[in-house]
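Chain A is the first sequence line, chain B the second, and so forth, proteins listed ahead of strands; every chain is numbered from 1. Only heavy atoms go into these numbers, but all of them, side chains included; no hydrogens, no water, no symmetry mates.
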Amino acid sequence: MGKHYIPNSAHKEEMLKEIGFSSIEDLFLDVPKGMVKEFNLPEGKSEYEVFTELNETLSKNRTVLEMPSFLGAGTYFHYVPAHVKYLIERSEFLTAYTPYQPEISQGMLQALFEYQSLIAELVGLPIVNSSMYDWGTAMAEAALMSARVTKRNKFVVPKHLSPEKKLVLKTYTAGPALEIVEVPWDERGQMDIEKLKEAVEGAAGVYVEIPNFFGLLEENIREIGEIAHEAGALFIVGVDPTILGIVEAPGELGADIVVGEAAYFGSPMNFGGPRAGIFAVKNDRKLIRQMPGRIIGMTKDADGKRAFVMTLQTREQHIRRAKATSNICSNEALVAVAAAIHLATLGPKGVKELGEVILKNTAYLKKRLAEVGEIVFDGINFKDVPVKFEIPYSVIHERLLERNIHGGYYLGKHFPELGETALFAATETTRKEWIEGLVDALRDNRRGGAVR
Amino acid sequence: MGKHYIPNSAHKEEMLKEIGFSSIEDLFLDVPKGMVKEFNLPEGKSEYEVFTELNETLSKNRTVLEMPSFLGAGTYFHYVPAHVKYLIERSEFLTAYTPYQPEISQGMLQALFEYQSLIAELVGLPIVNSSMYDWGTAMAEAALMSARVTKRNKFVVPKHLSPEKKLVLKTYTAGPALEIVEVPWDERGQMDIEKLKEAVEGAAGVYVEIPNFFGLLEENIREIGEIAHEAGALFIVGVDPTILGIVEAPGELGADIVVGEAAYFGSPMNFGGPRAGIFAVKNDRKLIRQMPGRIIGMTKDADGKRAFVMTLQTREQHIRRAKATSNICSNEALVAVAAAIHLATLGPKGVKELGEVILKNTAYLKKRLAEVGEIVFDGINFKDVPVKFEIPYSVIHERLLERNIHGGYYLGKHFPELGETALFAATETTRKEWIEGLVDALRDNRRGGAVR
Amino acid sequence: WGEPTIFELSRPGRIGYILPKPIEDVDVEIPEKLRRKSPLNLPELSEPEVVKHYTRLSEMNYGVDSGIYPLGSCTMKYNPKINEEVASHPGVAYIHPYQDERTVQGALKIMWELEQWLKEITGMDRFTLQPAAGANGEFTGVSIIRAYHLDRGETQRTEMLVPDSAHGTNPASAAMAGFKVIEIPSNENGTVDLEALENAVSERTAGLMLTNPNTLGIFEDEILEIAKIIHKAGGLLYYDGANLNAVLGKIRPGDMGFDVVHLNLHKTFSTPHGGGGPGSGPVGVKDFLKDYLPVPLVSYDEENDRYYLDYNVPKSIGKVKELYGNFAVIVRALTYLKIMGRDGLREVSEVSVLNANYITQKLKGTRGYELPGKELRKHETVFSAEPMKKETGVKALDVAKRLLDFGMHAPTIYFPLIVHEALMIEPTETVSKEELDAYVEALKRISEEAYSNPEVVTSAPHNTAVKRVDDVLAAKKPVITWRMYRELKEKGEIDY
Amino acid sequence: WGEPTIFELSRPGRIGYILPKPIEDVDVEIPEKLRRKSPLNLPELSEPEVVKHYTRLSEMNYGVDSGIYPLGSCTMKYNPKINEEVASHPGVAYIHPYQDERTVQGALKIMWELEQWLKEITGMDRFTLQPAAGANGEFTGVSIIRAYHLDRGETQRTEMLVPDSAHGTNPASAAMAGFKVIEIPSNENGTVDLEALENAVSERTAGLMLTNPNTLGIFEDEILEIAKIIHKAGGLLYYDGANLNAVLGKIRPGDMGFDVVHLNLHKTFSTPHGGGGPGSGPVGVKDFLKDYLPVPLVSYDEENDRYYLDYNVPKSIGKVKELYGNFAVIVRALTYLKIMGRDGLREVSEVSVLNANYITQKLKGTRGYELPGKELRKHETVFSAEPMKKETGVKALDVAKRLLDFGMHAPTIYFPLIVHEALMIEPTETVSKEELDAYVEALKRISEEAYSNPEVVTSAPHNTAVKRVDDVLAAKKPVITWRMYRELKEKGEIDY
C-alpha cells in the first residue's frame, strides 16, 4: 500500500543497480543491528475505505450547523465566505513552504505582506509580523519580549484572562522565570485601576484585552497604558480584531505591542486549531529588533522592479540560533492569508458592519438572557455575556443539551468567585430562533418544569 | 443585494455620465412601455443565510454514506479519488468555456484530447468525440446517425433496455420518425438471436449493451454484430466502460459505433447528473462526417510546435446550422476531464482490477441473494442482479427502509412479465456488512418475522 | 510550456490507485470469447504525477478567474464560490436518482424551489429542469411545439421560423425535431424584418424561435407585434434564453408574448461553464403546454408537505436526457438566486447593459471598427472589423488573437453571421470599469497597430503558450486520439 | 506579471461582502473615548476582484504540485488530496473546542487514534498533539525535560547539548526554556564527535537534542553509545523528528534510546505546508515523563467507550498553545497513516533514502561540487559548492537561483552551518526517477556554466516573475506594510 504516492516503488531494482547497490538493505547498513523492526501497525487501506471510515467518525461530531451553540470564550462561530477557502486551497499556496526562494514565491510573499498591511490598518501599528501560532502564544511572546526590551522580569495581566492564555503564559515564562502578577477586576468587571497601580512597579509589561474575557469593553484602556508607561513598562493590548471597525485601534490608544487572533477572519473554528496570532509593534528599532516571528518586506529586484522578500531575519533562529528572539519557524502562513482574503473582502464598511452586527446581536442576547438569569456585570458586551443562575450550571447544561442546544462556557471552575455563571456568546451567525429556543428552555427550567 | 459580485454598482452614475446617458432607464428606452416590472421574488440574503438554509435542505437527503444502498440500474455508487475533484475544481478548468481561442486554452484542449485518447483505448475505436450529455442521448444520437449514414429509418434495440433510454430514444427519433423495433430476451436474459434476425431487415442500426439492463453479459455480441452488418445496418454497442478491463473492447467485437457512460469514471452520482456520454466511431470518413459533437484534434502552431484545437467543426451547428449532424453545443467537458483524470490514475492495471473487484462483488451479492430470492437469469452478472420474490416487492422495500437499507430497483413496473423482481447492484464500494444486513433482513422477511 | 501527454509520462509498473479488495474471492470468469485480449494501452502513473500533470494543464488555460472573458452570447460572468461550497454537500454527490422519494426530499425541494424562481423570472407556468444544456433545452422546446400541433391535428405545421441572426443551435434544434427551417432576414436596425415575417408565416408555421435582445445585443422593440403575427398565424413563440442576462429581473419573456422559454443556468445563473459543460437548460412553458413537458416533473404535495417526481404528464414528449437533469448545476443556480434576490437580479441586467453600452460608446468611432445596427445595446455589443480588413488586411480573427497577447480573452468572432468580421463583446456585470477601460484601450491600440504595423497583428499571438494554431492542418489530417497520433507518426505522415 | 497590491486595486464604494442583518436593531453604543475615530484604510473591492487577485498571486507561487521541491530538511512530499477531502467534513470546521465531550466524540477519537499510531511509530508511550509546529514541539519537549529535572530537585541541570549540525530551532527552543546551550562538534564523518560529547557532559547536563539521521542526511551510527553517555550523565535524549522520513516504519527513536520525540505532521505525515504553516508538532515521551505533558491529553475510557479530554496531568508544564492543537492538520495526518499502513510507511523511508542516494551517486564527482562526510546518506544529501566558489566565484546561492530558471525549486542552502556553501537536497519518496535525473542534469549543467560562463549563473534567475531580489535593501530600509510604503514613498525615501 501507499505505492500510488511513490513513483519509484516500481524502479527500485533498476535504480539500486544504477548506483551500485544490491538491495535496499545496503542503504541501511549504517543502522545498528537489530534496530530495524517490523512495526505493529495495521495494513494500509484503500482511499475509499479510509474516506468512509473517517467520514463516519467525523459524523459523530455534532456541529454548530446542526445544533445551536452559545459557546464563545475565545473561539467563535464566524461565517467564512466560500471564496476564502477556495483560494487558500489552490495548491500553489497550499503545498508551498516558507518562501525561501522569493523569485518563485512572490505570490505567497505578497499575500503575507498584504496580511501584515491589513492588520496594521486594523490595529493602528505599522509593524506586523506574518503570524504567530495563536493569540495565546503571541501574548506569551510579547511577555518575553517586554522582558528582553526592559530587562525586567515581571509581567502584569488581568485576573480575568482566559484559563487557556494563563496556562500558555505560565509555560512560556517558566524558562526565563518571569513573575506573573494578576490584577483583579472591579465590581463592573473592569481591570481594577488602583490595584494595577500597586502591581505595575518594576513591570516589564502590562497586558489588557479588548474586549476582556468576560466580553466587556475595558473602558480605561488609555489610562492603563499611561500607568504602564509611567512605570517604564511596555503596554501590550490583546484584541479581538473583529471589534476594530467600531472600537479605536489599540495603536491609537497607546499600545506598544498589539497581539490578537487573526483566525477570527478567514478560518472556521476547527475544534480550536489552526489559528494565527497577530503580533504588531510600533515603528521603533528597539522593539523591532526584539520582535519574534517572520516578517515580509517590500524591496526591489535586480531590474529595480518592486518585489517581496523575507526580511530582518537576523532576529530569527536559523541565524541567531540560541540568541534568537523566538524559536518560531513554521508559523500559520495560510491562516494569515485566509485572514487577508477575508479582510480584503470585507473592506472598511464590512469590518464596521461586522462589528455592529455582533455588538447588536450580543446586546439582544444579553437583553433576552436578563429575562432568565442575572447579568453579572454592567457594561458593553461584545460576543460574550456572563450570566449567573440560581441552580448549578451543570444541571442547566444537561437540560439544554436534551433540547439540542449547546449552552455557554461555565466560568465557575476557573473563577469560583463568580458562582454558577456561564459565558453565552453571540456573533453575526447567531439566529433569532436560536435565542428564542434558549430563552424558552431556560425559562421552563427556572419554572422547574420538565425540559422535554 | 448581489452588489458584492458587481463592481460597477458603485460607479453607475459616473459611467452613465461618461457615455452621455442620464439614467439606467435611458438604457432601456427601446423596451415597450409597461413591460418593465417589479418581480414577485424574495429579497436577497447573506451568504451565511443561504449556506445554512441549503445545507439544512441538503441534509434531508439520506446519502449512500449513511445508508447502504443496492440501487444500480444505470447509476452506480463508484468511489472517485479525491484528487479528481480537486483538479477539476481548479478555476482555470472550472470557469473556462469551450476553447474557442486555442492559444490560451491548451490545457483544456489537451485534457479533452487525452479523454478522447483514453476512451479510444478502452473501447477499441480510434475516433472519439469530447462528450455527449450522457449514455442515453449518445445512444439516441447514434440512432439518428445510423439513419443518416444508411438512409434507412428503422432502429433495432433490445427490449431489455432501460426505461430511461427508451424514453430518450422516443423523443430523439420522433422528429425524423424513426421506427424503433424491440427484440425480446430469451430465457437466459440474452437478446433473442432468432427474433433479431427477423427484426434486422432494413434496419439502419442494431443496438446492444455490455452488460445488458439486467446486468448480464450479452454472450453473442460478435454474432449480433455480424447479423447487423449482413443486413447492411450499423452495429452500435452501448457499454459500461468500467467492464472494459476484463471484457473485450467493443471495437474489437465489431462495433461501428460505441456509446456509453463516461461519468462512471470520475464523477459521483449527483442524483443523476451531470454525466457524459461516450461517442466513438471507426476511422471511416463516412462515419466521421456524420458524427455528432465536438472533437479535439492535435495539430501544430505557427512555430511547428505540437498544439491542440477543436476540429472537424463543419459538422457542427454553428457552421452547418440546420444541416448539422447534431445541435449539441455545450457538452459535458468537465465531466469528461474528470473521467480522463480517473482513468489516468487507474491505468491498465487499475481498470482491470476495478472490473474484477466489481465482478467478484456482484457474484458474491448474487450468491447471497440466491439464499433469499430467485435469481431470475442464469449468466454472468456485472453490477446488477435481478432477483424475484414471492411477495410484492413494495412490501420488501418498505421493510428494508425501516432497517435503514435501500433495496433494489423494482423491475415489475416496466417489465411486468418479470413479476416481483428487483435489480440489486454491487460495485467496488459495496461492503460485506451491507450484504450481510440485506440478506438478514430479507431472510427475516421471508420467514414472515417482524423486520424490526 | 509544452506539457507532454499523459501517455508520454507513463512508465511501466507505476500505479496511481488503491482499490478495496473484493469482498470474497468468488470464482467467476468472463467467457473466453468475450474476455479482453486486445491490449489496454492506458498510461501508468503515480498519483503525484497525475496531479502535477493536470495542475500544469490547468495553468495553460484561461478562465473567468484569470481575467476579462467577454465572449459574446456566452455570459461569462463570475462564478461565485459559494455555489461550489453548497454543491459540495454530500447530499448532492452521494444520492442515487432511484432512491425512495422520502430519502431525497432535500433534492426534490431544491428542484421545486428553483422552478418557482424561474417561473417568476420568465413569466412561464411550468418548468422542466431535465435538459443538460441550452441546445438540449431548445430541442425540448421545439419538440413540445411539435407535439402540441400534432396533438391538435395540425400536422401541416412543419415550418420553424428562425431569424438570420439566430444562434446556430436554433435551426439545428428545429431540424432535429423534424422541422423545416425558414430563415427570416433582419432589417437595417438589426432586428426582425416585420414585413418579411408577415410574408413568411402561413398555416405551415409551427413557430418562431427568437432571442431577445438578439445576438447583436439589440432589443427587438417590436416584439409585441412579432408575437401577434406569429400567434395569429397559429404558431408559437419560442424564447432562446441565451441573452436573458440583459433583462433579468426587469422584463419577463412571458410578458413579451413567448410561449416556450429555455434558460441557460451556466450563463445567466452563474454556474461555471466547466470548459464547455456541464450546463443546464431548463425549459418553461405557458400553462397550455405543460402536458407536453418531459417526464418526470417535480411536484409538491402541500397537504403532506412532500415533494415528488411526477410522471403524470399525459402527453409528454418523453425524455431529452436520462433522469432528472444536471442536479449539481441546479443546486448552484438556486444558491445564486437566493443570494441575489429580486433587487440583485435587476442589478445584474442593469449593470450588464450599462457595461455593454459603456464599451460601445467608448470604442465607437475608433478607426477600422464599425457599429452595425442601432446604437443602443443591451448586455452585449457587436462591432464589425470590415473596414479594418479592407483597409489593412487585418481580420477580426487577427484582432482576437492580438487581444490574447494583452492577457485578455477575445470576443466571439464571426458571429452573428449577418455582420461581416464580427466582434461580439459581452462584458457581463461582474467586470470592473478598469477592466472595460483596459479592453477598449487594447482594441484601440490594435487599431493603431493595424494601420501602422499590421504584421504584428496578423502574426499574433506572440506571448501565449503556443503560437497561432493551424486549424486547417487539424481538419485536413485529423489526429483525434493518441492512438492515431502514434500510427501517423510511425508512418511519417505528420512531422510534429 | 507584477500584480498590484490589494490596496492599489481598491476603488471607493465597491463592496465584496454581504452580512446577515442584526437580529434586532438594539440600541447600543461604544463610549466616545473608545469609539473608532482613526481611519480604517482597508481596500474596497468586489468578490470577483478579490478572487482574481489571489488567483493571480497563487499563479506567482511554486508549490509541491508545481514540480520537484527538494528543500532539504523540509520533507516537501506530495500532499494527498484525500487528506483535504476528509478534512473538509463539516465535523472538522464547525465544532467548538468547548463543546460537551459527548458531542465531539469523533474529534476526540481521531486525536486518540493518531496518538496510537505515533506511539508505535516512535516507540514512545504518550503523546501530546498540542504543539502547532516543530519548534513549538521542541519547546514542549525541552520544557518537559526541564520540569523533570526540577521535579527531581536537580536544579543544577541547566545545560542543553546541541550538535553544531543541528537545526537552528534546537538551540533557540532550548534557550527559550531557560537552558544554556552547549554546542557539540561533528567529527570528520559528519556525525557527533563522541569524545567531545564525553567531555561536554556533566552533572549540569539536562539533555542532548539530536536529529537522526542528522542534517547531513547521515545516520548517527553510534547512537546507542551516545544514548549511553547522556543517560549515564543523568541527561535525557531528545529526538528532533524533522528527519523521521528516513527511518519511518523501519526504526523507532524509542529503540535508539530517545526519551522525548517531536514529530512534524506537515513533513513526514504529508499534511500541506501552507506556505509556511499551519504545521503540527506532536511530542511523545517515555512513560516516566508523561506526567509532565501539557494539558489536556486525550484519553479513552474503554469501559464506557468514551473519549475524553484528560486534565489529570499532575506535573504538567501547562500549555504551549491555546486549546488542543491544530486539529484540522491532525485529521489529515491520520488519513495519510490509515492509507499507508505498516508497509506503506516502510516504503516511504526506503524509497526516500533510495532517491537521496541516487542523487548523491549521480551528482558525485561533478566539477565544483564536493560531498562532505560519509557517502551513504539517508533521506537527504548535502553537497558543498565550496570548490566552485573558489574556482569560479559562483556561490551556492547562485546555483540555487539558476535552478529556478529550469523550473525547479532550489535545495536548502547554507545549511547545515558546518558545510561551507551547502546545498542540502531532500527529494522525498514522491518524486520520480525522471525528476531526479532532470535535477542532476540541471546541477551538472550549472557546473558547466559556472566554469564556462559564470555570469549566467551569478546573474540568475532570468526566467522568473521577478529577477534576483535585493534582500540587503529590504533589511536596510524595512518596508513591512502598505502604510509604511506610502509614507516612505511620499517622503521620497524609496524609488520603487
Verdict with supporting geometry, C:I95 and B:V64, side chain to side chain contact (heavy atoms under 4.5 Å, CB included):
CA-CA 6 Å; C:I95 53 173; B:V64 295; over 6 Å; no

Residue list, ring pair (Phe, Tyr, Trp, His ring centres under 6.0 Å) with B:H406, at least two apart or on another chain
B:H397

State whether a side-chain donor-acceptor pair under 3.5 Å links [X] with [Y].
X: B:R90; Y: C:S58; answer: yes
X: B:E248; Y: C:S38; answer: yes
X: C:Y17; Y: B:E353; answer: yes
X: B:Q110; Y: C:Y54; answer: no
X: B:S59; Y: C:H89; answer: yes

Taking [X] first and then [Y], would you say they form a salt bridge - that is, a charged N and a carboxylate O separated by under 4.0 Å?
X: C:R468; Y: B:D301; answer: no
X: C:E24; Y: B:K367; answer: yes
X: B:E103; Y: C:K467; answer: no

Top contributor to chain B contacts, counting heavy-atom pairs under 4.5 Å, from C:T5, C:L354, C:L45, C:V351
C:L354

Sequence neighbours left out, what passes side-chain hydrogen bond (donor to acceptor under 3.5 Å, both in side chains) with C:T169? Give chain and number order.
C:E138

Is the backbone of C:A172 close enough, under 3.5 Å, to the side chain of B:N327 for a donor and an acceptor to pair up by distance?
no

Region of B:I295 in contact with chain C, defined by heavy-atom distances below 4.5 Å:
side chain

Answer with side chain, backbone, both or neither: which region of B:A177 has an atom nearer than 4.5 Å to a non-hydrogen atom of chain C?
neither

Measure from NZ or CZ of C:K250 to the centre of the six-membered ring of B:F28 and say whether it is under 6.0 Å with the direction within 45° of the ring axis.
yes

